[in-house]
Amino acid sequence: MPDGTEKETEISGLKKYIESLKSSNGSPVAVRVNGELRELSSLEDVGPQSVVELVIPGSKEGLEIYRHSTSHILAHAVKDMFPDVKLAIGPATEEGFYYDFDKAGPFTPEDLEKIEKRMKELIKKNSPFIRKALPRGGAIDLFRKAGEDYKVQLLEEIPDETVSLYEEDGFVDLCRGPHLSKTGRVKAFKLLSIAGAYWRGDEKNKMLQRIYGTAFYTREELRAYLDFLEEVKKRDHRKLGRELELFSLSDEIGPGLILWHPNGAIIRKTIEDFWRSEHLKADYKILFTPHIAKLKLWQKSGHWDFYRENMYSPMEIDEVAYEAKPMNCPFHIEIYKSALKSYRDLPVRYAELGTVYRYERSGVLHGLLRVRGFTQDDAHIFCREDQIEDEILNILDFTIFILKTFGFDSYDIYLSTRPEKYVGSLENWERATGALKQALEKKGLPYTIDPGEGVFYGPKIDIKIKDVLNRAWQCSTIQVDFNLPERFDTVYRGSDGKEHRPIMIHRALMGSLERFFGILIEHYAGIFPLWLSPVQVSVLTISEKHEEYAKEIYKALKKADIRAEINLENEKVGYKIREATMKKIPYLVILGEKEAAEGKITVRKRNGENIGPFTIDEFIEIIREEVQKKVTSDK
RNA sequence: GCCCAUGUAGCUCAGUCGGCAGAGCACAUCCUUGGUAAGGAUGAGGUCACCGGUUCGAUUCCGGUCAUGGGCUCCA
């Protein structure tokens, strides 16, 4: 039952019940018979003692079916309007649905509108979706005759002897189903974009044209989703980055290479200062290493073999080949190896804000989120096997502390286990994976296991943070490595006087400063908390008469290490306030006749609220406290 | 890399069916000295992404290059 209860009933009773829900919002879109999804119309052949679940609109599966049916209607409309188009696939996705078409010319935005219109007509007809079972061979003949090559190809790979087709209003498509009972059940949908997509996602295959759309049960839900898309657009870090003069990219410099402008750079510096100071507190040693190294180093580390497609071509220096570094690990290992280590020295924790260069294909570059040169907040921990769990526990605490400071307190955590191709002993893998699991469980952190998704050199934990719009971003990663210590013959002297191999843990908390900054911009919509704001206080005068007083106040703020600016422009207060508000400056100190006479200041907060009057010392104290506490919200 | 779209002033965008290029904001100068989100006037600012072709003439048409954007696992 939709309310989660169970009832025992005859088929006829069930049908009557479903009938009674018709036309209500809760009317089921499908049923699950003994675990298998089917349409409502398939109740006839339900055997005795079957368990039938009603798939209701509110459920994840319900929505999937709903959207999948909408994608069929899309295909129908396209086929009506462009009969030469060949159909590929059209599934539901997290956010909506798409359908891939093989069409001679491109679809235009105007086509989308026309297709939408045609879809609405098809929905209005309210034709039933009819399921037809067919032997596979028959289906192949049918689609071959219709010239639907992609469907034929799909069919040829389906192992089942019987396949199902769905027909509505004369349009037949190969489909596993289930579907809505009638097209008229689709109440709200919108086609969103046109994009290229390879047949089966493989770039060796033909490029098809994909139409993306989304569908919801009500117009209100659709509206809310479109508003969400608007909000995402408003927060776009590329747009805000330009408006707030945080960073830029330049044709002259090259794609994927970031220029940090003063406003972005001061934020980055603030983040780095915080990062360094916390790492020192947590017993990490801070390192600096070069941006290039001999190609031989990368051959030794294995990067040249396994990672070459992401590395730049070597450059020659004094007839020796050098490489821009794609990773920091080999450097940290060299530092570890520069002096003999005893078991008493472990764990050794090396951290570096290391700038690396990786080749990314031109089509995947994206603002700050996908770049070719970036700075990792990298660290490598060398420890004994018996120390892994404690180290992981430390890292988890540390990670969550850092992420929380930036206002991220909701996470999706994944534990990736041994892939098919791996290095290291089975025993090591099991022990390390066990340690990761133990640590997560001790911390009470819920996680999902990604079987076989570990890197070849060891298991890992990935943490995805959720931003205010509930979007997930992968930043933190903790990876155990059995490979590099082996390749570099890294050792420590044990209590037994013998040499032992340390375990290496790679870990990044923010991942890359560039990417993390991009996420922060979107998370805060450019309204940075005080401790991060490029300009924390703007001092502005009501008229020229108060310039001297304003300069005094400004100096006092600067002296107190507050990032202040002064606005003596020949403009009215209203104008100056508007300027500062658009720059999202947290505090405005407004000085006029009254303030100058009393030796006080009036303060306007970013949200429009006025506080004060304060003496300058009182105000400095307020700012100091808010900065020190790293308050993330204005309220 | 591939498909499609886009590239005009610092920013957001008009525009020219081939004939010397426009607005708003921002910027500069002047007037105004004004109490909580835009006071007024004047002015400066463009190789219309780049290279080539067609043409008497190209920002506009054609070809190429570069950059940016939406996509390219979600298997009927």
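Each chain gets a letter, A, B and so on, in the order the sequences are listed, and its residues count up from 1.
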Report task. Just call it for A:G367: base, sugar-phosphate, or nothing, with non-hydrogen atoms closer than 4.0 Å on any strand. Result -> sugar-phosphate
**Report entry** Spacing of the C1' atoms in B:C62 and B:A44 (rounded, Å)
**Finding:** 37 Å
Query - Under 3.5 Å on both distances, the Watson-Crick or G-U partner of B:U29 - result: B:A41
Requested in this report: Would you indicate, yes or no, if B:C74 has its OP1 or OP2 atom less than 4.0 angstrom from a side-chain nitrogen or oxygen of A:Y98?
Outcome: yes
Query raised in the report: With sugar-phosphate meaning primed atoms plus P, OP1 and OP2, does A:G574 contact a base, only sugar-phosphate, or nothing at under 4.0 Å between heavy atoms?
Result: sugar-phosphate
Requested in this report: Take atom P in B:U8 and the same atom in B:U12, then report the distance between them in whole Å.
Outcome: 8 Å
Query raised in the report: Can you check the A:E309 CD to B:G1 P distance for me, whole Å?
Result: 14 Å
Requested in this report: Please evaluate the base of B:G71 for a donor-acceptor partner in the side chain of A:Q209 within a cut-off of under 3.5 Å?
Outcome: no
**Report entry** Nearest-angstrom distance from the residue atom CG of A:L591 to P of B:G34
**Finding:** 16 Å
**Report entry** Residue pair A:Y357 / A:E323, side-chain donor-acceptor N/O under 3.5 Å
**Finding:** no
Report task. Take the protein atom CD1 of A:I194 and the nucleotide atom P of B:G69, then report the distance between them rounded to whole Å. Result -> 19 Å
Query - Rounded distance in Å between the C1' positions of B:G46 and B:C27 - result: 15 Å
**Report entry** Mate of B:U6 where both pairing distances stay under 3.5 Å, Watson-Crick or G-U
**Finding:** B:A67
Report task. Return the 5'-most residue of the pair A:E64, A:E243 with respect to RNA chain B, ranking by each residue's nearest nucleotide. Result -> A:E243
Query raised in the report: How long is the line joining CD1 of A:I211 and P of B:G70, in whole Å?
Result: 19 Å
Requested in this report: Would you tell me whether A:H179 and A:S69 have side-chain atoms, one donor and one acceptor, within less than 3.5 Å of each other?
Outcome: yes
Requested in this report: Have a look at A:K151 and say if it touches a base, only the backbone sugar-phosphate, or nothing, with a 4.0 Å heavy-atom cut-off.
Outcome: sugar-phosphate
Query raised in the report: Which whole number of Å gives the distance between the P atom of B:U29 and that of B:G45?
Result: 16 Å
Query - Pair A:E203 + A:R361, salt bridge at N-O below 4.0 Å - result: yes
Requested in this report: Test A:V573 against every option in A:I542, A:L588, A:L591 by the side-chain contact (heavy atoms from CB on, under 4.5 Å) rule and name the one that passes.
Outcome: A:I542
Query raised in the report: Across the strands shown, which category fits A:F107 at heavy-atom distances under 4.0 angstrom: base, sugar-phosphate, nothing?
Result: nothing
Query raised in the report: Quick one: is A:R242 getting a side-chain N or O under 4.0 Å of the B:U12 phosphate, OP1 or OP2?
Result: yes
Requested in this report: Check whether any side-chain N or O of A:R238 sits under 4.0 Å from OP1 or OP2 of B:G70, and answer yes or no.
Outcome: yes
Report task. Indicate, yes or no, whether a donor-acceptor pair under 3.5 Å links the base of B:G1 to the side chain of A:Y359. Result -> no
Query raised in the report: Just how far, in rounded Å, is C1' of B:G35 from OH of A:Y549?
Result: 15 Å
**Report entry** Pairwise C1' distance, B:A5 and B:U47 [rounded to whole Å]
**Finding:** 25 Å
Query raised in the report: A:D102 has an atom CG; how far is it from atom P of B:C72, in whole Å?
Result: 18 Å
Query - Gap in Å between the two C1' atoms, one belonging to B:C56 and one to B:G64, rounded - result: 26 Å
Requested in this report: Report the distance from atom CZ of A:R370 to atom P of B:C72, rounded to the nearest whole Å.
Outcome: 12 Å
Report summary line: Checking A:R238, A:R235, A:K233, A:R471 against A:E522 for salt bridge (Lys or Arg N to Asp or Glu O under 4.0 Å), the one that qualifies is A:R471
Query raised in the report: Using a cut-off of 4.0 Å on non-hydrogen atoms, how would the nucleic acid contact of A:T108 be classed: base, sugar-phosphate, or nothing?
Result: nothing
Query raised in the report: Should A:S193 be listed as having a side-chain N or O under 4.0 Å from OP1 or OP2 of B:G71?
Result: no
Requested in this report: Assign each of A:D160 and A:M207 to its nearest nucleotide of RNA chain B by heavy atoms, then name whichever residue's nucleotide is nearer the 5' end.
Outcome: A:M207
Query - Nearest heavy-atom neighbours spanning A:I601 and A:V603 - result: CD1-CG2, 3.9 Å
Query raised in the report: Is the closest side-chain heavy-atom distance between A:Y312 and A:R372 below 4.5 Å?
Result: yes
Query raised in the report: So what does A:E595 touch, heavy atoms closer than 4.0 Å: a base, only the sugar-phosphate, or nothing?
Result: base
Query raised in the report: Below 4.0 angstrom from OP1 or OP2 of B:U68, is there any side-chain N or O of A:H366?
Result: no
Report task. With heavy atoms under 4.0 Å as the rule, sort A:A195 into base, sugar-phosphate or nothing. Result -> base
Report task. Can you tell me the distance, in whole Å, between the CZ atom of A:R210 and the P atom of B:C2? Result -> 19 Å
Report task. Examine the side chains of A:Y225 and A:E95 and answer whether a donor and an acceptor come within less than 3.5 Å of each other. Result -> yes
Query raised in the report: Under 4.0 angstrom, heavy atoms only, what part of the nucleic acid is A:G201 near: base, sugar-phosphate, or nothing?
Result: sugar-phosphate
Query raised in the report: For atom P, what is the distance between B:U60 and B:C17, given to the nearest Å?
Result: 13 Å
Requested in this report: Name the nucleic acid region contacted by A:N610, choosing base, sugar-phosphate or nothing; use a 4.0 angstrom heavy-atom cut-off, strictly under.
Outcome: base
Query raised in the report: Say you pick atom C1' in B:G69 and the same atom in B:U73; how far apart are they, in whole Å?
Result: 22 Å
Requested in this report: Classify the nucleic acid contact of A:L365 as base, sugar-phosphate or nothing, counting any heavy atom under 4.0 Å across all strands shown.
Outcome: sugar-phosphate
Query raised in the report: Any side-chain N or O of A:Y575 less than 4.0 Å from the OP1 or OP2 oxygen of B:A26?
Result: yes
